[in-house]
2 protein chains.
Amino acid sequence: MELKETEKRLLEAVSKVVEEEGFTKIGINRIARQAQCDKVLIYRYFGGLDGLLVAWAKRYDFYSFAYSEFSNQVIQAKSSNLREIIKKVLLKQLEYLKENQLMQELYIWELSGNSSFRVIQIEREKSGHKLQQELEKRLNGQCVDCKFYITVIIAAINYIVLFTRQYNMFNGIDFSQSETWNKLEKIISDYVDMFFEVKSNVNIKSNKQ
Amino acid sequence: MELKETEKRLLEAVSKVVEEEGFTKIGINRIARQAQCDKVLIYRYFGGLDGLLVAWAKRYDFYSFAYSEFSNQVIQAKSSNLREIIKKVLLKQLEYLKENQLMQELYIWELSGNSSFRVIQIEREKSGHKLQQELEKRLNGQCVDCKFYITVIIAAINYIVLFTRQYNMFNGIDFSQSETWNKLEKIISDYVDMFFEVKSNVNIKSNKQ
DNA sequence: TATATTTGTCACCAAATAGTGACACAGATA
DNA sequence: TATCTGTGTCACTATTTGGTGACAAATATA
């Protein structure tokens with residue numbers, strides 16, 4: 001189904017307001033002003049602010065987009081070197097989030113517990129779960145706790161990006177320097193190597209590689 | 001200098017509003033209502049909302065409190081088993097943040113980029129840096145990248161706690177179950193073991209232990 | 001042609017927001 | 001006694017917020 005001109009304008013207005021003022025400032029009036037249309041149309045077309053936000057998140061669909069990109073990498077790649085795939089996926093997540101300001105706002109919004117996003121969260125979780133399952137299939141029980149190890153890294157990536165968006169220093173480290181980010185990538189890569197080696201040594205003695 | 005009765009009431013009102021409604025709802029009127037005093041007193045005593053918030057954060061001083069507790073553990077402990085100290089510090093951070101709802105709100109507030117908290121952030125960073133330096137002194141160049149490895153774990157802890165405050169599932173893992181948290185503790189502990197072993201093997205061949 | 005329905009404009013509401021000026025009353029100081 | 005200063009109350013502004021009902025024009029349908 002095609003979107004009306006005004007609906008598109010409203011959805012774009014959401015992006016603009018979020019980009020310019022952050023998610024805290026979001027409101028019916030503010031968005032209507034940005035879209036240069038009457039706020040009553042938000043109620044008519046989307047049933048209110050919550051409906052508009054859900055429609056917005058679904059349309060731009062950051063979550064699925066991000067995860068599907070990762071999934072593709074996982075699925076396409078030959079299962080030969082799973083370790084490298086995981087590294088790629090994690091570093092891609094870092095790069096993607098770091099560059100995508102709108103997605104950062106969305107993540108913080110999500111953390112702040114806005115009720116509108118419960119619905120979105122379920123969708124997001126599905127995408128995430130699909131990726132996890134795909135990974136697990138490949139791992140084939142090799143690395144039982146992989147899921148956890150990876151999740152910890154993803155959480156770290158998210159937090160560091162969100163935090164350093166506002167502040168240069170985190171935990172005594174200066175993230176305003178690009179070398180720090182290179183270092184971080186190396187650390188992530190190292191961590192993957194570590195749990196891969198430790199775990200695979202324990203669980204399957206010797207591997208093909 | 002002693003605090004006036006009304007000033008105390010105002011500071012406590014901030015805590016209550018944050019606890020009950022989260023940081024997004026904070027405002028002059030809302031706080032004055034909670035403290036049952038006139039909002040004009042906020043302007044008189046603190047120069048406005050920002051001043052009040054800064055005073056609040058300084059008084060309750062979560063950051064320094066948390067970090068000083070950690071520092072004490074690091075300083076008191078004999079340097080014999082540094083690895084265990086780091087584990088303790090990290091697990092303590094997890095436990096502390098998980099239990100302290102007010103601190104969670106503060107962290108999210110911080111992430112959201114409220115301008116009032118730039119000042120606080122500098123104080124916080126000092127405490128964090130002190131701990132890092134203490135650690136580095138003990139490490140004595142043994143583990144060059146320790147700082148980074150630890151920072152990644154801390155970031156992960158923060159994100160997971162903040163996220164699961166709102167949602168049960170993160171990345172396909174169900175954090176509503178207490179076993180999951182036990183597992184997480186184990187994973188963190190494992191990670192510390194990993195980078196300790198890998199790094200110390202590389203950098204100093206054989207260790208006392 | 002006549003009748004609905006969609007699409008949008010406008011005026012209004014009650015409530016909440018941040019912020020200010022005036023004033024009343026206390027206790028301390030001259 | 002008279003004055004000054006800290007403390008608090010009250011009333012008022014202007015703006016913004018979310019939300020609703022009435023109405024005009026355009027479009028589609030009969």
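Just so it is clear, the model here is predicted, and its values are computed rather than measured. In what follows, every chain begins at residue 1, and chains take the letters A, B, ... in the order their sequences are listed. The figures that follow rest on heavy atoms only: side chains count, while hydrogens, waters and symmetry mates do not.
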- Item | Close residues, residues 16-23 of chain A, relative to DNA chain D [heavy-atom separation under 4.0 Å] | none
- Between D/dG6 (C1') and B/Leu41 (CG): distance, integer Å: 11 Å
- Task: Run the numbers on A/Arg30 and A/Glu21 for salt bridge (Lys or Arg N to Asp or Glu O under 4.0 Å), then give the verdict.
- Result: CA-CA 10 Å; A/Arg30 186 73 194 73; A/Glu21 322 213 20; 2.4 Å; yes
- Write out all pairs satisfying salt bridge (charged side-chain N to carboxylate O under 4.0 Å, His left out) with one or both partners inside residues 169-179 of chain B, taking only residues at least two apart or from two chains. none
Taking distance alone, no hydrogens or angles, what donor-acceptor pairs closer than 3.5 Å link side-chain atoms of residues 159-171 of chain B to residues at least two apart or in another chain?
| unit_1 | atom_1 | unit_2 | atom_2 | d |
| --- | --- | --- | --- | --- |
| B/Tyr159 | OH | A/Asn158 | ND2 | 3.4 |
| B/Thr164 | OG1 | B/Ile160 | O | 2.7 |
| B/Thr164 | OG1 | B/Val161 | O | 3.4 |
| B/Arg165 | NH1 | B/Glu105 | OE2 | 2.8 |
| B/Arg165 | NH2 | A/Leu111 | O | 3.0 |
| B/Gln166 | OE1 | A/Arg118 | NH2 | 2.9 |
| B/Tyr167 | OH | A/Glu110 | O | 3.0 |
| B/Asn171 | OD1 | A/Tyr67 | OH | 3.4 |
| B/Asn171 | ND2 | A/Thr151 | OG1 | 3.2 |

- Does the B/Gln34 side chain pair with the main chain of B/Lys16, one donor and one acceptor, at a distance under 3.5 Å? no
- Query: What is the distance from CZ of B/Phe46 to P of C/dA18, rounded to the nearest Å?
  - Reply: 16 Å
- Item | Aromatic centroids of A/Tyr149 and B/Tyr191 separated by under 6.0 Å | yes
- Message: Just the rounded figure in Å: distance from C1' of C/dG19 to CD1 of B/Ile42.
- Response: 12 Å
- Distance in angstrom units between B/Lys8 NZ and D/dT7 C1', rounded: 17 Å
- Query: In chain order, what residues pass the ring pair (Phe, Tyr, Trp, His ring centres under 6.0 Å) check against A/Phe148, with sequence neighbours excluded?
  - Reply: none
- Under the salt bridge (Lys or Arg N to Asp or Glu O under 4.0 Å) test, residues paired with A/Lys137 that sit two or more places apart: A/Glu134
- Item | Under 4.0 Å protein heavy-atom contacts per nucleotide of nucleotides 13-21 of chain D, with B for base, S for backbone only and - for none | ----BBBBB
- Message: Tell me the interatomic distance from A/Glu5, atom CD, to C/dT6, atom C1', rounded to whole angstroms.
- Response: 16 Å
- NZ/B/Lys183: more than 12 non-hydrogen atoms of other groups inside 6.0 Å: yes
